[in-house]
Amino acid sequence: MSAAAPRVGFLGLGIMGAQMASRLVGTGQNVMVYNRSVAKAEPLRQLGAAVASTPAEVTSTCDLVFAMLADPKAAKAVAMDGPDSAVAGIAARPASAKPVTYVDCSTVDAATGEQVGNAITAAAPRTGFLAAPVSGGWRDARDGTLLFLCGGHQTAYEAAVPGLDAMGSRRWLLGSTPGDAARAKLMLQVMMGNIVGSLAEMMALSKAAGLDEAAILEVLGESAMANPLCKAKGELMRKNDYKPNFQVYLQQKDLRLALQLADDLGVPAPISAASNGQYIRARQMGFADKDFAAVRAAYEAEVMSEPETEDA
Ligand code: NAP
């Protein structure tokens with residue numbers, strides 16, 4: 001890595017962001033990172049990244065900036081809130097500086113994507129914005145095999161390509177607005193939330209029926225319903241191993257956003273609504289920060305509760 005190489009910025013070092021930023025460092029980029037909780041930036045510092053104390057420091061220094069934040073509230077806070085925000089850093093750059101391209105990889109709703117995109121592009125002339133939520137987990141981020149679902153102008157997309165290709169194996173420009181990417185990503189999250197909800201239901205039912213859970217999962221794995229998600233999450237459910245990969249609070253956020261979209265469009269989404277209720281229940285049971293396989297606990301709660309007697 002050359003100290004003179006242009007810096008790539010990274011905002012948000014959670015489970016995904018830490019791996020994505022590490023991947024950028026590992027592929028030879030000159031990286032500057034920011035995270036709200038400073039301790040999470042320390043491993044990146046050890047790898048050779050510069051650590052900023054505000055989003056503005058990153059966007060005032062770097063021409064290409066990626067963000068990977070929890071939800072709409074976080075994406076807006078980092079991009080737009082106050083003198084430390086990404087927008088403020090872009091506005092503070094000298095007029096002669098290269099225009100910034102800001103790439104938001106967070107999973108958000110279309111309205112948030114448009115709002116953040118408008119604020120970023122209004123901060124200084126020729127600033128680019130790309131929404132680029134991802135499919136894939138932290139291992140894909142580590143290995144550079146994420147799938148990027150992009151929405152924005154072609155120029156912003158092309159400016160982002162070196163970073164996207166360092167962190168991912170496939171990318172699609174799905175439309176010219178951030179909302180195009182946001183809506184597409186929510187389609188995947190509907191499937192994911194419902195598949196894992198359905199798996200949790202099967203596991204709770206298997207247990208209540210006195211079946212061998214390992215055997216049921218083995219048969220499932222050989223059947224027409226086999227898929228990598230059920231294989232991975234079924235094993236975690238069987239072992240009650242809920243160390244976070246993708247957390248319950250994030251899957252529930254995605255179903256909430258998808259249900260809002262369905263409501264706006266007048267599309268019934270009864271399966272997602274039922275799954276969402278179970279993820280909410282898992283949150284209430286204290287599993288918010290656990291892997292979303294822990295939604296099994298919400299189905300167990302149903303199974304374990306005592307049936308009411310006739311005269312109760
Ligand atoms: P995470 O581990 O919970 O990290 C969330 C990040 O957002 C942290 O950097 C956190 O900062 C930051 N944040 C939260 N609220 C904030 C606020 N108000 N102001 C500033 N920063 C804030 O989540 P993750 O798993 O990395 O997921 C990040 C995004 O990727 C989410 O949109 C998620 O839906 C999506 N995603 C996740 C996966 C996955 O497998 N995990 C896969 C695909 C997509 P602190 O450290 O200070 O809390």
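Nothing here was measured: the structure is a model prediction, and the numbers come from that model. All values below come from the heavy atoms of this structure, side chains included, with hydrogens, waters and symmetry mates left out. We count ligands from 1, going down the list as the structure has it; atoms in each ligand are counted the same way.
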Residue among E213, E235, E201 satisfying salt bridge (Lys or Arg N to Asp or Glu O under 4.0 Å) with R296: E213
Positive for side chain to side chain contact (heavy atoms under 4.5 Å, CB included) with T59, one of T54, T127, V87, V65: V65
Close N or O approach ([X], ligand 1; < 3.5 Å):
X: G137; value: no
X: N35; value: yes
X: K253; value: yes
X: C105; value: no
X: Y249; value: yes
X: L250; value: no

Can D165 and R171 be said to form a salt bridge (charged side-chain N to carboxylate O under 4.0 Å, His left out), step by step? CA-CA 8 Å; D165 286 356; R171 52 182 157 81; 2.7 Å; yes
From the options [options], select the one whose nearest heavy atom is closest to [atom].
atom: atom 14 (C) of ligand 1; options: S37, A77, A74, G17; answer: A74
atom: atom 26 (O) of ligand 1; options: R139, M16, Q251; answer: M16
atom: atom 41 (N) of ligand 1; options: L146, N245, L257; answer: N245

Do D109 and Q260 meet the criterion of a side-chain donor-acceptor pair at a distance under 3.5 Å? no
Is Q251 reaching over with its side chain to a backbone N or O of V295, donor-acceptor style, under 3.5 angstrom? no
Decide yes or no on side-chain contact (heavy atoms from CB on, under 4.5 Å) for R139 and N245, but give the supporting numbers first. CA-CA 9 Å; R139 292 176 187 80; N245 298 286; 3.7 Å; yes
For the pair E57 and S53, evaluate side-chain hydrogen bond (donor to acceptor under 3.5 Å, both in side chains) and give the outcome as yes or no after the intermediate values. CA-CA 7 Å; E57 195 180 334; S53 49; 3.1 Å; yes
